[in-house]
Q: 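I'd like to ask you about the structure that follows.
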Protein chains: 2
Amino acid sequence: MNTDPIKRSLEAGGLRCTPQRYAVMAFLREHEGHPTAAEIFEAVNRRCYSGKDPRSSRATTYNNLRDLVEAGLVREVAVEGRAARFDAKGLRNHHFICDRCGKVEDVEWYDVPRPRSGSLGKRVLRECELIFRGLCAKCAARRSS
Amino acid sequence: MNTDPIKRSLEAGGLRCTPQRYAVMAFLREHEGHPTAAEIFEAVNRRCYSGKDPRSSRATTYNNLRDLVEAGLVREVAVEGRAARFDAKGLRNHHFICDRCGKVEDVEWYDVPRPRSGSLGKRVLRECELIFRGLCAKCAARRSS
DNA sequence: GTGTCAAATTAGACATAATCTAATTTATTG
DNA sequence: CAATAAATTAGATTATGTCTAATTTGACAC
């Protein structure tokens, strides 16, 4: 009986369940932050997520991230900066980006009022995310010291 | 008498007013979209914004974009995708990102209700931007054809 | 358990985006 | 005009991401 949630979500997304994909999903699900592809690549090669030899090539990690994003299982986080960042598509979050250190933190989701009628013209709205900016708790504490 | 707004804004930001910087600011102020650094580099080398030889090296364009962002005169737009995108810090906008074609469009600003008390913990909030996602007018029209 | 086969992986080459470096130029100021 | 720190430069370098052809493999049918 197939009860593993990662395996089920891959299959639901039309993707084969390979050890490399499993490792990426497992890492993103237990990792709190928003890692870059390089961080994900290093992680899946450092620790065994799937019980098998975890080695994965860089191209595979990039390919898999793209496939998982397209399948809706992983989301790329909209942040400034050089490298793309990812998180597993669990609960939706808003994000807080620190002006000083650049850290991206999850903020509990709440629904945002839609823009007033006509504001979006003929666009079709799917989602509305908030990006908060300011100083994270750590940088705010440093500034007032 | 120094009345040029670009020159004044550079000086207010603590930066020397060089022809290369002037050209970047001028381009971003009149450009509606959110160009990449490569597009900015090509533009400032294609057309004379400052009345002088517009040539600028790639490193200079990148250096200047970084300095202008740090000085608060230009903002990097938070979007997914490979290359950073920029706009001049004029009127604040929200953004609409198309799921299909990736285009980033400005949406007229309105203030968003702040998150409920305690939600942000000890962070210091400066700004709250909305990112809308869905289909742009063009892609929405194509889909229903 | 075996065979099939399309999906996926691989390793390294390649492409794109962005940064670094040391020498040189220049904007600003006195 | 001279001084000087800020800025520019050109190309090397690094970081990020993609491509390619050969090989492997997950899932399925039998």
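What you see is a predicted model; the values in this text were computed from it and never measured. Below, chain A is the first sequence line, B the second, and so on; all start at residue 1.
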Q: Calculate the interatomic distance between R21(A) atom CZ and dT10(C) atom P; express it in whole Å.
A: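 Between P of dT10(C) and CZ of R21(A): 11 Å.
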Q: Taking R75(B) first and then E80(A), would you say they form a salt bridge - that is, a charged N and a carboxylate O separated by under 4.0 Å?
A: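 Salt bridge absent between R75(B) and E80(A).
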Q: Students often mix this up, so state it plainly: with edges at 30° and 60°, are the rings of H94(B) and F132(B) parallel, tilted or perpendicular?
A: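 Aromatic pair H94(B)/F132(B) classed perpendicular.
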Q: Establish, with yes or no, whether the OP1 or OP2 oxygen of dA18(C) is under 4.0 angstrom from a side-chain nitrogen or oxygen of Y62(B).
A: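 Indeed, a polar side-chain atom of Y62(B) lies that close.
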Q: Pick the nucleotide of DNA chain C nearest each of L15(A) and C17(B); which residue has the one closer to the 5' end?
A: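 Of the two residues, L15(A) wins.
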Q: Between R85(B) and E76(B), does any NZ, NE, NH1 or NH2 come within less than 4.0 Å of an OD or OE carboxylate oxygen?
A: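 Not counted as a salt bridge, because no side-chain N and carboxylate O are separated by less than 4.0 Å.
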Q: Is the distance from OP1 or OP2 of dT10(C) to the nearest side-chain N or O of Q20(A) less than 4.0 Å?
A: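 Q20(A) to dT10(C) OP1/OP2: side-chain N or O found under 4.0 Å.
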Q: Any donor-acceptor pair under 3.5 Å linking the side chain of R21(B) with the backbone of R16(B)?
A: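 Yes; at least one donor-acceptor contact below 3.5 Å.
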Q: OP1 or OP2 of dT10(C) versus the side-chain N and O atoms of S56(A): is any pair under 4.0 Å?
A: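 Answer yes for this pair, as a side-chain N or O of S56(A) is under 4.0 Å from OP1 or OP2.
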Q: Go through the N and O atoms of the side chain of R58(B) and the base of dA10(D), and report whether any donor-acceptor pair is under 3.5 Å.
A: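 Side chain to base: no pair below 3.5 Å.
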Q: Figure out the CD/P separation between E80(A) and dA18(C), and round it to whole Å.
A: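 Those two atoms, CD and P, are 13 Å apart.
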Q: Return no unless some side-chain N or O of N64(A) is found under 4.0 Å from OP1 or OP2 of dT9(C).
A: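 Checking N64(A) against dT9(C): at least one side-chain N or O falls below 4.0 Å of OP1 or OP2.
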Q: I40(A) has an atom CD1; how far is it from atom P of dT16(D), in whole Å?
A: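 These atoms are roughly 12 Å apart.
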Q: So if I take every side-chain heavy atom of T60(A) and compare against dG17(D), dT9(C), dC20(C), which nucleotide ends up nearest?
A: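 Between dG17(D), dT9(C), dC20(C), the one nearest the side chain of T60(A) would be dT9(C).
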Q: Are S57(A) and dA11(C) close enough that a side-chain N or O sits under 4.0 Å from OP1 or OP2?
A: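 No, outside the criterion.
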Q: Return the 5'-most residue of the pair T18(A), T61(B) with respect to DNA chain D, ranking by each residue's nearest nucleotide.
A: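 First, find each residue's nearest nucleotide; the 5'-ward one identifies T61(B).
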Q: Output yes when E129(A) and R92(A) qualify as a salt bridge under the 4.0 Å nitrogen-oxygen rule, no when they do not.
A: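 No, no charged N to carboxylate O under 4.0 Å.
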Q: Roughly how many Å is it from CD in E70(A) to P in dA8(C), rounded to a whole number?
A: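 Rounded to whole Å, this separation is 11 Å.
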Q: For A37(B) and for R16(B), find the nucleotide of DNA chain C with the closest heavy atom, then tell me which residue's nucleotide is more 5'.
A: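 The residue mapped nearer the 5' terminus is A37(B).
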Q: Starting at CZ of R66(A) and ending at C1' of dC19(D), how long is that distance when rounded to a whole Å?
A: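 Distance, rounded to whole Å: 10 Å.
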Q: DNA chain D: R82(B) or G14(B), which has the more 5' nearest nucleotide?
A: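 Result of the comparison: G14(B).
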Q: Whether R55(B) contacts dA10(D) is assessed here as follows: a side-chain N or O lying under 4.0 Å from the phosphate OP1 or OP2. Is that the case?
A: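 Indeed, a polar side-chain atom of R55(B) lies that close.
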